[in-house]
Trainee: 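Pasting a structure below so you can have a look.
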Amino acid sequence: EVQLVESGGGLVRTGGSLRLSCAASGFIFEDYAIGWFRQAPGKEREGVSGISISDSSTEYADSVKGRFTISSDNAKNTVYLQMDSLKPEDTAVYYCAAGSQGFIVGSLLSRNEYDYWGQGTQVTVSS
């Protein structure tokens with residue numbers, strides 16, 4: 001059974017940092033790409049960052065470039081999202097998702113590329 005479990009969310013002030021974790025199980029980690037998405041109230045879920053586990057290639061949304069860093073620890077089957085210089089507009093529920101690398105044909109920021117989703121973790125940035 002595929003499982004993705006997010007952790008690390010919380011409440012932080014503007015300019016602060018958080019590190020989200022996505023622990024994966026139930027599939028061959030190196031054969032997948034992992035993406036981070038977020039959804040704020042009343043808005044659509046949007047891609048934040050993605051990483052191809054096999055070659056560590058990454059993508060970032062323009063809104064987070066230079067502030068967020070995605071990385072993976074293959075020994076722990078875990079992907080991290082380091083979020084620095086947080087802004088109130090980063091407030092959202094953050095989800096990680098997994099997609100088979102062999103079937104990904106587009107952007108790692110596209111929801112359509114992912115088959116499995118975690119339950120999400122809340123990130124709130126106060127002004």
Side-chain angles (χ1 to χ4, degrees):
E1 179 187 5
V2 172
Q3 283 194 322
L4 299 169
V5 180
E6 302 98 334
S7 61
L11 173 64
V12 66
R13 291 186 176 181
T14 297
S17 298
L18 284 173
R19 188 177 80 157
L20 305 183
S21 299
C22 173
S25 62
F27 58 91
I28 300 173
F29 192 63
E30 291 78 6
D31 289 346
Y32 276 70
I34 303 294
W36 282 100
F37 294 77
R38 66 187 181 187
Q39 188 166 19
K43 294 188 177 182
E44 291 190 358
R45 193 172 298 188
E46 63 173 354
V48 174
S49 183
I51 184 168
S52 172
I53 301 302
S54 60
D55 63 7
S56 298
S57 58
T58 60
E59 290 187 48
Y60 294 93
D62 289 342
S63 59
V64 306
K65 280 181 183 176
R67 300 189 299 123
F68 291 10
T69 304
I70 192 170
S71 63
S72 68
D73 184 336
N74 293 5
K76 295 182 179 180
N77 283 12
T78 299
V79 169
Y80 303 99
L81 185 68
Q82 177 67 42
M83 306 187 296
D84 299 319
S85 302
L86 283 162
K87 305 174 181 180
E89 51 263 44
D90 295 317
T91 295
V93 177
Y94 284 69
Y95 301 88
C96 67
S100 176
Q101 187 65 57
F103 293 103
I104 290 179
V105 295
S107 169
L108 293 178
L109 304 182
S110 171
R111 294 174 57 182
N112 295 334
E113 302 292 0
Y114 295 93
D115 303 305
Y116 306 104
W117 294 81
Q119 293 301 306
T121 185
Q122 176 71 46
V123 171
T124 302
V125 184
S126 64
S127 57

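Quick caveat: nothing in here was measured; it's all calculated off a predicted structure.
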Trainee: Tell me, which pairs form a side chain to side chain donor-acceptor pair (under 3.5 Å) where one or both residues lie in residues 45-57, sequence neighbours left out?
Mentor: R38-E46, Q39-R45, S52-S54, S52-D55, S52-Q101, D55-S57

Trainee: What are the two closest non-hydrogen atoms of A92 and A40, and how far apart are they?
Mentor: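 Taking every non-hydrogen atom into account, CB-N, 3.8 Å.
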
Trainee: Taking the side chain as every heavy atom from C-beta outward, state whether S25 and N77 have any pair of such atoms under 4.5 Å apart.
Mentor: no

Trainee: For a 4.5 angstrom cut-off between non-hydrogen side-chain atoms, does E113 reach V105?
Mentor: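 A side-chain contact exists here, since the closest heavy-atom pair is under 4.5 Å.
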
Trainee: Side chains of residues 64-73: which donor-acceptor partners sit under 3.5 Å, not counting sequence neighbours?
Mentor:
| from | atom 1 | to | atom 2 | distance (Å) |
| --- | --- | --- | --- | --- |
| K65 | NZ | D62 | OD1 | 3.2 |
| R67 | NH1 | S85 | O | 2.9 |
| R67 | NH1 | D90 | OD2 | 2.7 |
| R67 | NH2 | S63 | O | 2.9 |
| R67 | NH2 | D90 | OD1 | 3.0 |
| R67 | NH2 | D90 | OD2 | 3.4 |
| S72 | OG | N74 | OD1 | 3.1 |
| D73 | OD1 | A75 | N | 3.1 |
| D73 | OD1 | K76 | N | 3.4 |

Trainee: Between V2 and D115, is a side chain to side chain contact (heavy atoms under 4.5 Å, CB included) present by the stated rule, with each step listed?
Mentor: CA-CA 10 Å; V2 172; D115 303 305; over 6 Å; no

Trainee: Any side-chain heavy-atom pair from T91 and Q122 closer than 4.5 angstrom?
Mentor: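 With C-beta onward as the side chain, the pair touches.
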
Trainee: Is it possible for you to say whether L108 and Y60 belong to one hydrophobic cluster, with membership spreading through side-chain heavy-atom contacts below 4.5 Å?
Mentor: no

Trainee: Would you say E89 has more than 12 foreign heavy atoms packed within less than 6.0 Å of its CD?
Mentor: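 Result for CD/E89: enclosed.
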
Trainee: Can you list everything that forms a side-chain hydrogen bond (donor to acceptor under 3.5 Å, both in side chains) with E6? Sequence neighbours excluded, please.
Mentor: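 By the side-chain hydrogen bond (donor to acceptor under 3.5 Å, both in side chains) rule, E6 matches no residue at all.
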
Trainee: Roughly how far, to the nearest 0.5 Å, is the OH atom of Y94 from the CG atom of L81?
Mentor: 7.5 Å

Trainee: Apply the test side chain to side chain contact (heavy atoms under 4.5 Å, CB included) to residues Y95 and L4: give CA-CA distance (whole Å), side-chain angles for both, the deciding distance (0.1 Å), then the verdict.
Mentor: CA-CA 9 Å; Y95 301 88; L4 299 169; over 6 Å; no

Trainee: Flag yes if Y116 and W36 sit in one hydrophobic cluster, no otherwise; membership is Ile, Leu, Val, Met, Phe, Trp, Tyr, and two members link when side-chain heavy atoms are under 4.5 Å apart.
Mentor: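 In one cluster with Y116: W36, yes.
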
Trainee: With sequence neighbours excluded, tell me which residues meet side-chain hydrogen bond (donor to acceptor under 3.5 Å, both in side chains) with Q82.
Mentor: D84

Trainee: Kindly indicate whether the side chain of I34, heavy atoms from C-beta on, has any atom under 4.5 Å from the side chain of F29.
Mentor: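 A side-chain contact under 4.5 Å exists here.
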
Trainee: With a 4.5 Å limit on heavy-atom distance, are the side chains of I53 and I51 in contact?
Mentor: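 Heavy-atom side-chain distance check passes, below 4.5 Å.
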
Trainee: Partners of F27 by ring pair (Phe, Tyr, Trp, His ring centres under 6.0 Å), sequence neighbours excluded?
Mentor: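 Result, ring pair (Phe, Tyr, Trp, His ring centres under 6.0 Å) vs F27: Y32.
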
Trainee: Indicate the atoms forming the closest heavy-atom contact of G9 with L20, along with that distance.
Mentor: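 Smallest heavy-atom distance, with atoms named: N-CD2, 3.6 Å.
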
Trainee: What's the shortest heavy-atom distance between A61 and L109, and which atoms?
Mentor: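 Closest heavy-atom pair between A61 and L109: N-CD1, 3.7 Å.
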
Trainee: Could you tell me which residues satisfy ring pair (Phe, Tyr, Trp, His ring centres under 6.0 Å) with F37, sequence neighbours excluded, listed by chain and number?
Mentor: Y114, W117

Trainee: How long is the span from the OG atom in S127 to the CZ atom in R13, to the nearest 0.5 Å?
Mentor: 10.5 Å

Trainee: Between atom OH of Y80 and atom OG of S7, what is the distance when rounded to the nearest 0.5 Å?
Mentor: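 Between Y80 OH and S7 OG, I get 8.5 Å after rounding to 0.5 Å.
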
